[in-house]
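The structure under discussion appears below in the form of structure tokens.
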Amino acid sequence: MEEEYIQNLKNYLVEFDKLPIAKKKITALLEADNCYKKGKIPTKSLPNLEFTETEILEHLTEFPNIMELESHLLDFREYIIEEYGIWHIYSQEWLQDLKAFLANEQTLMIMAGNAVLGKFLKNIICTDNLDWRHQDNERPNPWTDVEQLDALEAVKKYLNNVSNIIIEWCPDSTDTDIKVLHYLRQKKWVLQTRKLFGKRLILKDQLT
């Protein structure tokens, strides 16, 4: 999918060269892809990849493929899942906010997937049971070390050694995240601070 998808983006970049609102979206995706190829993350968040109804109607005559372009832009997430094992698109700006929140304290990441986020954090233990390997991405290639471990077992193993727990990604088909929260309450792990970064939950505290 890689060669075809990216080549199509480059073709659209030529086709929509005189439409700034389209050119900005295409360029952002090409730059993001270039970062991922180098094992980095984009500097800034991606722009909204959809066009407004007004924008489509205004430019449809001159650019009849604008809706086709929009559909291709929205396929970017599927492309990076298959190509890089990345399920969440975040930026260095977003990452700095998360780092400030974690404060370089020892952190456990459960359900880490390919640990793309874990690569850029200090004092991090990344764990995942890797059950997803033959679903969206057939070639899991972790960006940093990942200990193959069930989420709840990881919490039991490392709870006494960490100040933060990141629930990176929990599939809709499982209640593992609920089981983890119940276990933390049983262990009187006081959750003074909870914060959502995207759809991931960060738990920050210490044992009482």
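No experiment lies behind these values; they were computed from the predicted model shown.
- Closest approach of Q106 to N161, counting heavy atoms only: CG-O, 3.2 Å.
- Counting heavy atoms of neighbouring residues, nucleotides and ligands inside a 6.0 Å radius, atom NZ of K119 exceeds 12 of them.
- The CG atom of L121 sits 7.5 Å away from atom SG of C126, with the distance rounded to the nearest 0.5 Å.
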Please lay out, stage by stage, how E55 and I21 fare under the test side-chain contact (heavy atoms from CB on, under 4.5 Å). CA-CA 9 Å; E55 289 171 339; I21 58 172; 3.8 Å; yes
Run the side chain to side chain donor-acceptor pair (under 3.5 Å) check on E68 and Y12 step by step: do they pass? CA-CA 10 Å; E68 177 186 293; Y12 282 127; 2.6 Å; yes
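- The neighbour count for K156 NZ, taken as heavy atoms of other residues, nucleotides or ligands under 6.0 Å away, is above 12.
- Residues N123 and N104 have side chains in contact (heavy-atom distance under 4.5 Å, counting atoms from C-beta outward).
- Contact detail for I41 and L95: the closest heavy-atom pair is CD1-CD2, 3.7 Å.
- More than 12 heavy atoms of other residues, nucleotides or ligands shown are found within 6.0 angstrom of CG on D17.
- Test D177, T176, I178 against T174 for side-chain contact (heavy atoms from CB on, under 4.5 Å) and you get one pass: T176.
- Using bins of under 30°, 30° to 60° and over 60° for the plane-to-plane angle, the ring pair Y79/Y5 lands in the parallel bin.
- Minimum heavy-atom separation, I26 to F16: CD1-CB, 4.4 Å.
- Of the residues W143, W94, W169, the one that meets the side-chain contact (heavy atoms from CB on, under 4.5 Å) test with L117 is W94.
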Report the C-alpha separation of E147 and K157 in whole Å, then their side-chain angles, then the decisive distance to 0.1 Å, and conclude whether the salt bridge (charged side-chain N to carboxylate O under 4.0 Å, His left out) test is met. CA-CA 12 Å; E147 181 178 355; K157 179 177 180 179; 2.7 Å; yes
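- For K25 and F51, the positive end sits near the middle of the six-membered ring, less than 6.0 Å away and at most 45° from its axis.
- Side-chain N/O atoms of Q7 and N11 include a donor and acceptor closer than 3.5 Å.
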